[in-house]
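Just so you know, these numbers come straight off a predicted model, no measurement behind them. Remember, it's 1-based here, ligands and their atoms both numbered in the order they're listed.
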Amino acid sequence: MKSFKAILSFIVLILLANSLLAQSWSIVLHGGAGGMKKENFTQEQIDSYQAELLKALEKGKNILANGGTSLDAVEQVVRYLEDCPLFNAGKGAVFNHDGKNELDAAIMEGKNLMAGAIAGVGDIKNPISTARLVMEKSVHVMMVGRGASDFARSMGAEMVDSSYFFTQPRWNDLQKVLSKEKMGTVGCVALDIHGNLAAATSTGGMTNKRYNRVGDAPIIGAGTYANNATCAVSATGHGEFFIRYTVAHDISALMEYKGLSLVDAVNLVINSKLEKVDGRGGVIAVDKNGNICMDMNTSGMFRAYEKSTGEKGVGIFK
Ligand code: ASP
């Protein structure tokens, strides 16, 4: 009788743990990695970056805590950051060599490996939402340039004049050609209570870029990846390296095929593989159990996270 009771309470405990686990969610966002140093920031600047990161986080948290999907959460968080001129995505995007803004974005769902991306657009207010339209309303994964804009227009996406993206600080950056210092891509990864992962990344690319250069952000497996079997990843940094080292997919593959934990997989890719070749940047990631990771081989990365357990944080410097 005693052992029957013990078994019964064990089963009840397992069921309880399972239902708690099913209710859990996690979200991480970034606002770009780079060579930022604390001494170059005023306290006011630090406060305003952190305040915007936390406002974006709140958007995603509200969706996830109310049972919404990770896909909606990552899209809405990235939209918020695209509208915020502090970050290099949407309004506030960096300028290319010709003084124009060319935006890239991608979104991916871990449950079915569906993905959508756009690159090199200069008239779509929220590139991340058009990336989602590409995923959901077209048979393609990626559209670029004028075609992507035509598609966005046909879908009723909000279009803007290219002057909408102008911000004085980014213009000054181009004039100074501070290309290496200016990052600020935005991204978000999330796990929802349904057990689904999603990732989204949006960027203006790198200051002073030429020849319709496209970075890693809209490349599935490079700057953006989500797979319910492993993790969701959004990257920021020197895009050429992230494409060559297929960073986001490599992290997922190390977990899937080598059984590495999320933290170990990210550490190996960011602090060993990329570090060796001087590939600068960082990633945010969440695994299928809600574990999170935010790691960089730069001196800083704008970032924030929150979990259903109540854990929460925001940071800029390493
Ligand atoms: N990864 C982006 C790119 O290379 C830039 C960044 O994250 O700042 O386009």
What atoms of ligand 1 come closer than 4.0 angstrom to any heavy atom of Thr236?
6 (C), 7 (O), 8 (O)
Could you tell me whether Arg280 approaches ligand 1 through its side chain, its backbone, both or neither, with non-hydrogen atoms closer than 4.0 Å?
neither
Any N/O pair Gly215/ligand 1 closer than 3.5 Å:
no
Per-atom contacts, ligand 1 versus Gly237 - under 4.0 Å to a heavy atom:
1 (N), 2 (C), 3 (C), 4 (O), 5 (C), 6 (C), 7 (O)
Side chains of Glu75 and Ser129: is there a donor and an acceptor less than 3.5 Å apart?
yes
Where ligand 1 meets Gly239 - atom numbers and elements under 4.0 angstrom, heavy-atom basis
4 (O)
Scan side-chain atoms only and decide if Thr201 and Thr224 contain a donor-acceptor pair under the 3.5 Å cut-off.
yes
Suppose I only count heavy atoms of Gly205 and a 4.0 Å limit; which atoms of ligand 1 are within that range?
5 (C), 9 (O)
Could an N or O of ligand 1 be found under 3.5 Å from any N or O of Arg213, whether backbone or side chain?
yes
So if I count the atoms of ligand 1 from 1 in the order they appear, which ones are less than 4.0 Å from some heavy atom of Met206?
4 (O)
Value rounded to 0.5 Å, distance of CZ in Phe242 from OG1 in Thr236
7.0 Å
Please check whether Thr185 reaches ligand 1 - meaning an N/O of the residue sits under 3.5 Å from an N/O of the ligand, judged on distance alone.
yes
Would you please test Asn101 and Asn96 for side-chain hydrogen bond (donor to acceptor under 3.5 Å, both in side chains) and show each step?
CA-CA 6 Å; Asn101 305 103; Asn96 69 8; over 6 Å; no
Could you grab the distance from atom CG of Asn297 to atom OG of Ser272, nearest 0.5 Å is fine?
10.5 Å
With rounding to the nearest 0.5 Å, note down the distance linking OG in Ser202 to CD1 in Ile128.
5.5 Å
Heteroatom proximity flag, Glu240 to ligand 1, N/O under 3.5 Å
no
Does an N or O anywhere in His238 fall below 3.5 Å from an N or O of ligand 1?
no
Strictly below 4.0 Å, N to O, side chains only: are Glu82 and Lys125 in salt-bridge contact?
no
For residues 62-72, please give each side-chain donor-acceptor pair under 3.5 Å, one per line with the distance, not counting sequence neighbours.
{"residue": "Asn62", "atom": "ND2", "partner": "Glu58", "partner atom": "O", "Å": "3.3"}
{"residue": "Asn66", "atom": "ND2", "partner": "Asn62", "partner atom": "O", "Å": "2.8"}
{"residue": "Thr69", "atom": "OG1", "partner": "Asp72", "partner atom": "N", "Å": "3.0"}
{"residue": "Thr69", "atom": "OG1", "partner": "Asp72", "partner atom": "OD2", "Å": "3.4"}
{"residue": "Ser70", "atom": "OG", "partner": "Asp192", "partner atom": "OD2", "Å": "3.3"}
{"residue": "Ser70", "atom": "OG", "partner": "Asn196", "partner atom": "O", "Å": "2.9"}
{"residue": "Asp72", "atom": "OD1", "partner": "Arg132", "partner atom": "NH1", "Å": "2.7"}
{"residue": "Asp72", "atom": "OD1", "partner": "Arg132", "partner atom": "NH2", "Å": "3.3"}

